[in-house]
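I have placed the structure first, in the form of structure tokens, so that the comments after it can refer back to it.
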Amino acid sequence: MAHIPDGVLSFPVLVGGGALAAGAVALGLKKIGDEDIPRTAILSAGFFALSLFALPVGPSSVHLLLGGLMGIVLGTAIFPAVCVALLLQAVMFGFGGLTTLGVNILNIALPGAIIGSLVAPLIYRATPARAALIAGVASALCVGLTGLMVAAALALSSADYMLSARVMIATYIPLMLIEGFVGGFCISFVKRVKPELLAGAA
Amino acid sequence: MSLLRATDTHEHFLARLDPRSRIISSLLAVLAAVAMTSLTGQIAMVVAALALAAIADVDWRAMLHRLAHVEGFMIVLLILLPLTMPGRALIALGPFALSDAGLMRAISIVLKVNAAVITTMALLATLEPVRLGRGLASLGLPARLMHLLLFLVRYQSLFREEGARLMEAMRARGFRPHANLRTFRAYGNFTGMLLVRSMERAERVEESMRCRGFSGKFPLRATRALSALDIAFTLLLALILTGIILLDRLA
Amino acid sequence: MTHLIETHDLVIERDGTRILDGVSMHLDKAEKLAIIGSNGAGKTTFLRALIGLQKATAGRIHAFGHDRRAEKDFHDVRLRAAYLFQDADDQLFCPSVVEDVAFGPLNQGLSEDEAMDKARATLARLGLSALAPRVTRKLSGGEKRLVCLAAILAMEPDVLLLDEPTNSLDSQHVEKLVEILKNLDIALIMVSHDRPVLDRIATRALLMKDGRLEHAVLHRHPHMHEHVHIHADHDHA
Amino acid sequence: MTHLIETHDLVIERDGTRILDGVSMHLDKAEKLAIIGSNGAGKTTFLRALIGLQKATAGRIHAFGHDRRAEKDFHDVRLRAAYLFQDADDQLFCPSVVEDVAFGPLNQGLSEDEAMDKARATLARLGLSALAPRVTRKLSGGEKRLVCLAAILAMEPDVLLLDEPTNSLDSQHVEKLVEILKNLDIALIMVSHDRPVLDRIATRALLMKDGRLEHAVLHRHPHMHEHVHIHADHDHA
Ligand SMILES: Nc1ncnc2c1ncn2[C@@H]1O[C@H](COP(=O)(O)OP(=O)(O)OP(=O)(O)O)[C@@H](O)[C@H]1O
Ligand SMILES: Nc1ncnc2c1ncn2[C@@H]1O[C@H](COP(=O)(O)OP(=O)(O)OP(=O)(O)O)[C@@H](O)[C@H]1O
Ligand SMILES: [Mg+2]
Ligand SMILES: [Mg+2]
């Protein structure tokens, strides 16, 4: 639901999003050294694979956005990671688009980068239970912010989208809840099994 | 699932095109599709996209399957636009009314989105991801980003399979998803396990490579010059697109 | 039809290749069925099909009194027929050993506490109590295998489907496993290349060959041969 | 010091637990050394330490005439001592079987074509030619194991370090492996729980216990016991 396809947004929004995203990706690339590429890449592949799983919840199923978790684990490397993932997704599966790539990167990665960088040091030092709580709230917040940004991209593109955008925000609320819980339990798992995984961004 | 069917396995002429030519062509086509303003132009773009898909000899069933998924995002817009945009009411449903302007807007979005998706699939989904990465790199994509892309391509399917087996292991022990905390905890474990495994897989693969004497980077193949076919294809496409844009602006 | 599980002309194709080409078999109460066959014969594929993890292309699976076709038909099959994966790594997904063992019982409707108790009891029965709090990712190969075994035994299933259960187990643990399996009063299907172990457990054997299951005969005869023993030096010193 | 590989008082701790507690051993030319020991004893940890994949906490490793301490000391050890991972999935990383087998030879400096030829020849020697173009991830468990073996044999190493090589192999392939290993004129260390196979290959045995390697004796004596054979029915019908 966060992958805006080609043909919906206006040119100014596309160009603005593209420029900002390019800067963010360049920043993220600068932060990772050549020797970190395999680690970042294979972890990104893990996140990418995860985002493709349709997790059944009751009668329907959800795809996780994973912005919060990626931000916590990858820090600012989230921008290049999300960039290649969205590119691949647009090309291979037709989710999202080419012209909207920049906007989509920002929508998913920016909340993750900001919130993830803020909470990663806390999580690194916390007990598994506390870490789970922090990560859960962070994950849910990231989904909410992504929803707001998707709505904003629509509203900025055309006044006609205004009302639709508002309704769309409401559809993110269940996803916030689910992703909050799953993200929290996930970090509690990682804290117990392989805390080194959280050392990178902290 | 794979659209790779024809183009990269047989000696199709698209397969002989340089990835750069395919990438630039599809970017041009998608930009044109997005720029359409009139119904005539939008329909013309869909027709052009379908023609490209026919030339690329895509697997139509796989294509339909994917289009059905893509429409997911738009459903909300498609339902909401006619209901929320001001205009002449076509049909009244209690307190709601379907406006003509909203309906037109919805139709134009469907046409634009589909034209873009079909072109991308025809030209890029049929391109082997490794060649896509190399093509992008020779178009100026930073080398690090290309390495990220290549690793992602190689490992995402592996982790999807591992994830699928973990899901099977959960099902095999009687797990059934509900909307409750236990389900979320199981998913949290699943997510965490897949992440930990990707990390450990990264370590093991590195070890296995070192054990077999690997010490440097992946060799990068030199880029060859664009052929006449590459240039002709892209120019011809650009010409057709210009025609459609003119048609759109005149309509 | 009083068989616990039976298949009729089961056909399975993967990636367009026919792996199973008409498998018919049945498993009766308290039977211990061995399935042998060379690498790549389709044994794992067959076991997975029995609990619906692998979709059948054609043919019939009848289990516990009902035909099983769709995914939902297999839900209760999986609670009654527990499957040991060939690769232990694929089977473990909880952070700690005891949580992993408790996962099945929890899905069977036990409370957290009951499930934990059952998990601990099962681990104790296998002599694995010391592993209970350990992180599953940090176990040795054999330890992982043993934990997987505990995880399915804790579900107290009616049928065990074991895919090479003795792989990477040391001889003591093999011994313990054989004892447990022999004394369990439930039916099992065991895929293995470990002939001596099969000999001791199985009551009947089938051979997977050319995509089909053929009858195989177990016949015992006394045998004379040279045997090498390896002991720690000090045992004899 | 003419041993191929030797360790002195090797100590290894993982997560604060002492896994190896002073291991001293040596491997000589053309020796076939068996290492046995219960699950979790530290056998895999030890093999990994020999080629520097696992860092030693204390002690000495001397291999091929030099002391080996830092990561770079182990580069050429790894080209001469080929390691078969306990888990085949960890070892395969190329898309197709033949590429995976050719990867080692390529890194040893062979040209693309030479490496491919060598890979094909090695696969043929193991009777695996049919697998050459297959996707590594879509192999059965035993097939993966065999491909890993081919991958390390193709490097023509001086020493083989085998971590449970017969796991999930069928009896025919075990037979073939035993023949190959017996006839190879190189030294090897073989960790395994498969006693009959060890008996046939090993010239000396060590037991891993309480974090140390102890001498173990192989002694053969004739043995009378009941033996069960499993055949396909039609063999006798
Ligand atoms: N994911 C897959 N896709 C397609 N074919 C597969 C896949 N996995 C396995 N196969 C093929 O299916 C056949 C049967 O595999 P299966 O794993 O059932 O064999 P098996 O009898 O269990 O062998 P083993 O004793 O080696 O475990 C093999 O030829 C294998 O190559
Ligand atoms: N990643 C890890 N971190 C910490 N401890 C570990 C890790 N992996 C294994 N161990 C522990 O180290 C000990 C030795 O493990 P190792 O894998 O060397 O045993 P092994 O002798 O090869 O056993 P097996 O016969 O079961 O393969 C075990 O107690 C195991 O639990
Ligand atoms: Mg198998
Ligand atoms: Mg081991």
Side-chain angles (χ1 to χ4, degrees), chain A residues 1 3-8 25 29 32 34 37-50 52-53 55-58 64 69 73 80-81 83-85 87-88 90-95 97-99 160 163-164 167-168 171 178 181-190 193-194 197, chain B residues 26-27 30-31 33-34 66-67 69-70 72-74 76-77 80-81 84-85 105 109 112-113 115-117 120-121 124-125 129 132 142 144-145 147-149 151-156 159-160 163 167 177-179 181 183-185 187-189 191-199 201-202 206:
Chain A
M1 274 283 292
H3 300 30
I4 306 178
D6 291 315
V8 175
V25 170
L29 277 183
I32 46 178
D34 271 338
I37 291 276
R39 176 183 178 271
T40 311
I42 295 183
L43 269 174
S44 311
F47 279 117
F48 183 65
L50 275 174
L52 295 177
F53 275 98
L55 299 180
V57 176
L64 299 179
L69 283 179
V73 175
C83 171
V84 287
L87 179 66
L88 205 61
V91 167
M92 284 174 48
F93 305 108
F95 297 142
L98 297 179
T99 57
D160 302 339
L163 273 169
S164 311
V167 177
M168 199 170 259
T171 64
I178 294 170
F181 281 118
V182 175
F185 284 122
C186 172
I187 287 297
S188 136
F189 181 98
V190 174
V193 173
K194 205 171 175 76
L197 193 56
Chain B
S26 46
L27 259 181
V30 169
L31 277 174
V34 172
R66 285 188 194 186
L67 284 179
H69 272 278
V70 174
F73 180 90
M74 291 185 302
V76 184
L77 274 185
L80 289 175
L81 278 175
T84 57
M85 258 178 77
R105 189 61 184 264
I109 288 181
K112 277 164 51 162
V113 170
V117 172
T120 316
M121 290 201 179
L124 290 185
L132 173 73
R144 281 184 190 170
L145 216 48
H147 279 301
L148 276 183
L149 185 71
F151 267 106
L152 194 69
V153 168
R154 178 171 280 178
Y155 283 98
Q156 58 95 12
F159 292 135
R160 260 158 69 202
M167 277 282 172
H178 303 280
L181 214 56
T183 300
F184 297 146
R185 187 171 68 190
Y187 285 159
N189 285 344
T191 315
M193 185 55 105
L194 209 61
L195 287 184
V196 169
R197 283 174 66 149
S198 27
M199 183 76 176
R201 174 71 60 160
E206 210 215 318

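Below, chain A is the first sequence line, B the second, and so on; all start at residue 1. No experiment lies behind these values; they were computed from the predicted model shown.
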With only heavy atoms counted, which part of [X] is less than 4.5 Å from chain B, the side chain, the backbone, both or neither?
X	result
A/Leu29	both
A/Ile187	neither
A/Ala85	both
A/Val193	side chain
A/Leu52	side chain

Looking at [options], which one has more heavy-atom pairs under 4.5 Å with chain A than the rest?
options	result
B/Arg185, B/Met167, B/His178	B/Arg185
B/Leu145, B/Leu124, B/Leu31, B/Leu194	B/Leu145
B/Lys112, B/Gln156, B/Arg144, B/Arg105	B/Arg144
B/Val196, B/Thr120, B/Ile109	B/Val196

Grab the two heavy atoms, one from [X] and one from [Y], that are nearest each other, plus how far apart they are.
X	Y	answer
A/Ala45	B/Phe151	CB-O, 4.5 Å
B/Pro129	A/Leu88	CB-CD1, 4.5 Å
B/Ser198	A/Ile42	O-CG2, 3.3 Å
B/Ala116	B/Val30	O-CG2, 4.0 Å

- Message: Which atoms of B/Leu132 are under 4.5 Å from chain A, going by heavy atoms: the side chain, the backbone, both sets, or neither?
- Response: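 Answer is side chain: those atoms of B/Leu132 sit under 4.5 Å from chain A.
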- Taking A/Ser44, A/Pro56, A/Gly46, A/Ala49 one by one, which has the highest count of heavy-atom pairs under 4.5 Å against chain B?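 Highest number of heavy-atom pairs under 4.5 Å: A/Pro56.
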- Message: Does A/Phe181 have more than 12 heavy atoms from other residues, nucleotides or ligands lying within 6.0 Å of its CZ?
- Response: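 No, the 6.0 Å shell around CZ holds no more than 12 heavy atoms from other groups.
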